[in-house]
Amino acid sequence: MFLRTENFRDFLQFYPVVSAIIAFQVIIWLVVGIVPGLGEWIYSMGVGSNFLISQGEYWRLVTPIFLHAGFGHILFNSFSLILFAPALEQMLGKVKFLIVYFTAGIAANILTYVVESNPLYTHVGASGAIFGLFGLYLFMVFFEKRLIDPQNARLILIISVIGLVMTFFRANINVAGHLFGFIAGFALGPVILRNAQPFSPWKNRRKVRDDDIGFDPNRWNKKRYRYKPYLKPVLFGILIALVLLGFISTLF
């Protein structure tokens, strides 16, 4: 579910919405960082600013989702989307996935504006939207167990706890955005998961061509690897380590 085995071309084909979101935010980050004038204008017009929102610039409740501050920030958010968003795009469909992602992100920005008393407070990042995905997964863990197996449920619990705890211990973090994004994703669960189907890697299998070699019913019996029972625990350990590395990278 969270172990990405697709090659680059297949990832683009199977998860076009996730791919488009990642590509767009990376392009914006590159333009902001390397194109003088235009990059500064995009950042100044898109950053979430409590004072400017109070002056009627309400688009700033949306645009911060696409902006990032520094390499670690864009790396962690893109990495999180690559790992955790594809399963939801398949399970929910393109439209519902977009609804969850942007509803959580916008809700996080709105409530940040409401609860943050400093009028000069500014923020950027897709973390509120991404925490919304974690919130939706957590709803599955507790109330829609048919959609997620126990092993992946444990992983989601671990990642959610780590993410929420580190929200309070890292500097320069939009705590309200993380929390309200998470809550928004969880709150969408009863509606958005209605009629959702469990993730299935088989849906992404390419059709076998007519000129392919015939199926050998004994071919799986010829591949009995002794290390197979240890493969999943090792891969999940690597996955957790990479997520932790992503969190740590945002400190620098």
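Along the sequence shown, residues are numbered consecutively beginning with 1.
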K.L.:
Tell me, with the steps shown, if Ser19 and Gln13 meet side chain to side chain contact (heavy atoms under 4.5 Å, CB included).
P.N.:
CA-CA 9 Å; Ser19 300; Gln13 178 184 348; over 6 Å; no
K.L.:
Could you walk me through whether Ser78 and Val26 pass the side chain to side chain contact (heavy atoms under 4.5 Å, CB included) test, one step at a time?
P.N.:
CA-CA 8 Å; Ser78 298; Val26 169; 3.9 Å; yes
K.L.:
Apply side chain to side chain contact (heavy atoms under 4.5 Å, CB included) to residues Ile74 and Gln25 and explain how you reach the verdict.
P.N.:
CA-CA 8 Å; Ile74 187 72; Gln25 68 182 24; 3.9 Å; yes
K.L.:
Any idea which heavy atoms bring Asn77 and Ser127 closest together, and the distance?
P.N.:
OD1-OG, 3.5 Å
K.L.:
Is atom CG of Asn172 surrounded by more than 12 heavy atoms (other residues, nucleotides or ligands) closer than 6.0 Å?
P.N.:
no
K.L.:
Is it possible for you to say whether Ile159 and Phe169 belong to one hydrophobic cluster, with membership spreading through side-chain heavy-atom contacts below 4.5 Å?
P.N.:
yes
K.L.:
Enter the distance from Gln197:CD to Lys203:NZ here, rounded to the nearest 0.5 Å.
P.N.:
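The NZ atom of Lys203 is 6.0 Å from CD of Gln197, to the nearest 0.5 Å.
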K.L.:
Shortest non-hydrogen contact from Gly189 to Leu136?
P.N.:
CA-CD1, 3.6 Å
K.L.:
Quick one: closest heavy-atom pair of Met1 and Arg4, and the distance?
P.N.:
O-NH1, 3.3 Å
K.L.:
Rounded at 0.5 Å granularity, tell me how far OG1 in Thr5 sits from CZ in Phe11.
P.N.:
11.0 Å
K.L.:
Under 4.5 Å between any side-chain heavy atoms of Ile28 and Leu67, yes or no?
P.N.:
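Ile28 reaches Leu67 side chain to side chain.
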K.L.:
Mind listing the closest non-hydrogen atom pair of Leu147 and Met91 along with its distance?
P.N.:
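Answer, listing the atom of Leu147 first, then Met91: O-CE, 3.7 Å.
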K.L.:
Pick one: which of Ile156, Val161, Ile162 meets side chain to side chain contact (heavy atoms under 4.5 Å, CB included) with Ile158?
P.N.:
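Per the side chain to side chain contact (heavy atoms under 4.5 Å, CB included) rule, the option paired with Ile158 is Ile162, out of Ile156, Val161, Ile162.
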K.L.:
Using side-chain heavy atoms (C-beta onward) and a distance below 4.5 Å, is Leu81 in contact with Ile130?
P.N.:
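SC-SC contact between Leu81 and Ile130 confirmed.
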K.L.:
Once the angle between the rings of His68 and His73 is folded into 0 to 90°, is it parallel (under 30°), tilted (30 to 60°) or perpendicular (over 60°)?
P.N.:
perpendicular
K.L.:
If you define the side chain from C-beta out and look only at heavy atoms, does anything of Val35 sit under 4.5 Å from Leu30?
P.N.:
no
K.L.:
Would a single hydrophobic cluster contain both Ile65 and Leu52, if residues Ile, Leu, Val, Met, Phe, Trp and Tyr are joined by side-chain heavy-atom contacts under 4.5 Å?
P.N.:
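No, it is not one cluster - the side chains of Leu52 and Ile65 are not joined through contacts under 4.5 Å.
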K.L.:
Going from CG on Leu98 to CD on Glu89, what distance comes out if it is rounded to the nearest 0.5 angstrom?
P.N.:
8.0 Å
K.L.:
Is it the case that one hydrophobic cluster holds both Ile27 and Phe8, taking links as side-chain heavy atoms less than 4.5 Å apart, direct or via other members?
P.N.:
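No; tracing contacts between hydrophobic side chains, which count when under 4.5 Å, never links both residues.
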K.L.:
Does the separation of the ring centres of Phe84 and Phe199 fall below 6.0 angstrom?
P.N.:
no
K.L.:
Test side chain to side chain contact (heavy atoms under 4.5 Å, CB included) on Phe131 and Phe180; report intermediate values, then the result.
P.N.:
CA-CA 8 Å; Phe131 269 78; Phe180 287 124; over 6 Å; no
K.L.:
Going by the side chain to side chain donor-acceptor pair (under 3.5 Å) test, name the single residue among Gln90, Lys94, Glu6 that passes it with Tyr15.
P.N.:
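For Tyr15, the side chain to side chain donor-acceptor pair (under 3.5 Å) test succeeds with only one of Gln90, Lys94, Glu6, which is Glu6.
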K.L.:
At their closest point, which heavy atom of Met140 faces which heavy atom of Leu88, and how far apart are they?
P.N.:
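So the minimum-distance heavy-atom pair works out to CE-CD2, 3.4 Å.
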K.L.:
Can you label the angle between the Trp29 ring and the Phe71 ring as parallel, tilted or perpendicular, going by 30° and 60°?
P.N.:
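Ring orientation, 0 to 90° scale: tilted.
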K.L.:
Going from CZ on Phe182 to OH on Tyr137, what distance comes out if it is rounded to the nearest 0.5 angstrom?
P.N.:
13.0 Å
K.L.:
Is the side chain of Ser160 donor-acceptor paired with the backbone N or O of Leu157 at a distance under 3.5 Å, no angle test?
P.N.:
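Pair absent, no side-chain N/O of Ser160 close to backbone of Leu157.
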K.L.:
Taking C-beta and beyond as the side chain, do Leu164 and Phe134 meet within less than 4.5 Å on heavy atoms?
P.N.:
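A side-chain contact under 4.5 Å is absent here.
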K.L.:
Give the cluster check for Ile34 versus Phe66: same hydrophobic cluster or not, with ILVMFWY residues linked at side-chain heavy-atom distances below 4.5 Å.
P.N.:
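Ile34 clusters together with Phe66.
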K.L.:
Closer than 3.5 angstrom, by distance alone: can the side chain of Ser44 be matched with the main-chain N or O of Trp41 as a donor-acceptor pair?
P.N.:
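Yes: the side chain of Ser44 pairs with the backbone of Trp41.
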K.L.:
Calculate, to the nearest 0.5 Å, the distance between atoms CD1 and CG belonging to Ile106 and Leu61 respectively.
P.N.:
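Interatomic distance, Ile106 CD1 to Leu61 CG, rounded to 0.5 Å: 8.0 Å.
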K.L.:
How far does OH of Tyr121 sit from CD1 of Ile53, to the nearest 0.5 angstrom?
P.N.:
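It comes to 11.0 Å.
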K.L.:
Could you state whether Val191 and Leu188 fall into the same hydrophobic cluster, counting links through intermediate Ile, Leu, Val, Met, Phe, Trp or Tyr residues with side-chain heavy atoms under 4.5 angstrom apart?
P.N.:
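No.
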K.L.:
List the residues meeting salt bridge (Lys or Arg N to Asp or Glu O under 4.0 Å) with Glu144, not counting sequence neighbours, and say none if there are none.
P.N.:
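Checked Glu144 against salt bridge (Lys or Arg N to Asp or Glu O under 4.0 Å); matches are Arg146.
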K.L.:
Looking at Pro64 and Val47, what are the two nearest heavy atoms and their distance?
P.N.:
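For Pro64 and Val47, the tightest heavy-atom pair comes out as CG-C, 4.1 Å.
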